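In what follows, chains are A, B, ... by sequence order, proteins preceding strands, each numbered from 1. Note that the structure is predicted; figures quoted are calculated from it, not measured.
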Number of protein chains: 2
Amino acid sequence: MKPQPLFQALADPSRRRILKLLQPGALSAGELSDHFAFSLASLSHHLSILKSADLICAERRGQHIIYSLNTSVTEELYRLIADLLKVTSGEPA
Amino acid sequence: MKPQPLFQALADPSRRRILKLLQPGALSAGELSDHFAFSLASLSHHLSILKSADLICAERRGQHIIYSLNTSVTEELYRLIADLLKVTSGEPA
DNA sequence: TTCATAGTTAGAAGTATATCTAAATATTTA
DNA sequence: TAAATATTTAGATATACTTCTAACTATGAA
C-alpha cells in the first residue's frame, strides 16, 4: 500500500463521504450520485481516485457498476497512522 | 478535532516526513530545515498547517522555537479512521 | 442492429496548494 | 541601542485539484 495515494484520497471531504455512504453496503455510481450536488462525471472521477488508492472495489453487475468498501486496507491504514504518529523516544525501530 | 484540516495536513509527503522526524524528539525549525531541499519559509508554512491541525505543538525556547508531536491526537485519529472505514452491515450505530 | 441507460474519459476553467524571494518580527548578545 | 540569529509573514508564480460540459464506451432491450 502506497501512503501518498491513500492520504491524498482521504483528503477530500466528498470522497470521505462516499466511503461513509458505502458502509451499510455496496452502491452503484448512480445511487451514490443522488447524494451529491456535483455531476456524475465528477463523482466518477472521485471513484477512480478511491479505486486507485485501493479504498474501494468496483464490480460490474449488468448495466451497473457497483462500488464497495475495501475493508482489508483498514488494518494497513491503522499501521500507517501508528507509524506516523507514534513517539519512538529513542528506542530502536 | 476537525477531520478536514487533519486529513489535509496528512496529504502532503513533506508534512508526513516532518512528523516522522519529530518522533525521536522535539526539533527546531532550523534543525528540521536541514532535512529538506525547500526554503525555511516553505518549511514554516508546512509547520503552521501541522499546527493548525493540532498534529504538532510549538514552544519558544530562547531564540528557537521547538516543535514536537502532539501524540494526544493519535487516539482521536484512530477513531476517525475507524469511523470512516468500518463496515456497518446494517447494525445500529 | 438500433435505441436507451449507466458510467467513464477528454478537455477546459476556476480554485487551491506548494514554493520562492524579500521583508517583517522576536530574541539574544555586544 | 544596535547587530546578529531564528523564524514568520507577504506577495508572486507555477503546479495540482475539483468541477464542468460534451463526447465516448459498454451493457441490455426492442
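Here CZ of A/Phe7 is found 4.0 Å from CD1 of A/Ile81. Values are rounded to the nearest 0.5 Å.
For A/Glu59 and D/dA26, the CD to P distance is 18 Å, given to the nearest whole Å. One can place CZ of B/Arg60 at 14 Å from P of C/dT25, the figure rounded to the nearest angstrom. Between the NE2 atom of A/His64 and the C1' atom of C/dA4 there is a distance of 13 Å, given to the nearest Å. The separation between A/Leu27 atom CG and C/dG7 atom C1' is 15 Å, rounded to whole Å. Regarding B/Leu43, its CG atom lies at a distance of 13 Å from the C1' atom of C/dA18, rounded to whole Å. The distance from atom CD1 of A/Ile66 to atom P of D/dA26 is 20 Å, rounded to the nearest whole Å. As a whole-Å value, the separation of A/Phe36 CZ from C/dG7 P is 14 Å. For the pair B/Leu32 CG and D/dT8 C1', the computed distance is 15 Å after rounding to whole Å.
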Mind listing the N/O atom pairs, protein and nucleotides 15-18 of chain D, below 3.5 Å?
{"unit_1": "D/dC17", "atom_1": "OP1", "unit_2": "A/Gln8", "atom_2": "NE2", "d": "2.6"}
{"unit_1": "D/dT18", "atom_1": "OP1", "unit_2": "A/Asp12", "atom_2": "OD1", "d": "3.3"}
{"unit_1": "D/dT18", "atom_1": "OP1", "unit_2": "A/Arg15", "atom_2": "NH1", "d": "3.4"}
{"unit_1": "D/dT18", "atom_1": "OP1", "unit_2": "A/Arg15", "atom_2": "NH2", "d": "3.0"}
{"unit_1": "D/dT18", "atom_1": "OP2", "unit_2": "A/Arg15", "atom_2": "NH1", "d": "3.3"}

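Using a 4.5 Å cut-off on side-chain heavy atoms (C-beta onward), A/Arg16 and B/Pro3 make contact. Taking the side chain as every heavy atom from C-beta outward, B/Leu27 and B/Ile18 never approach each other to under 4.5 Å.
Looking at every heavy atom in both residues, B/Ala26 comes nearest to B/Ile66 through CB-CD1, 4.0 Å.
Across all strands shown, B/Ser48 has no heavy atoms under 4.0 Å from either base or sugar-phosphate atoms.
Mapping A/Gln63 and A/Ser42 onto DNA chain C by nearest heavy atom places A/Gln63 closer to the 5' end of the strand. Taking the nucleotide of DNA chain D with the nearest heavy atom to each of B/Ala58 and A/Ala37, the more 5' of the two is matched to B/Ala58.
Between A/Ser39 and the phosphate of D/dC20, there is a side-chain N or O to OP1/OP2 separation shorter than 4.0 Å.
Formation of a donor-acceptor pair under 3.5 Å by the B/Arg17 side chain with backbone atoms of B/His35 is found in this model.
Between A/Lys20 and B/Asp83, at least one side-chain nitrogen of the basic residue sits less than 4.0 Å from a carboxylate oxygen of the acidic one, meeting the salt-bridge criterion.
You'll find the ring centres of B/His46 and B/Phe36 outside the 6.0 Å limit.
Side-chain atoms of B/Leu40 lie closest to D/dT7 of the nucleotides C/dA10, D/dT7, D/dT5.
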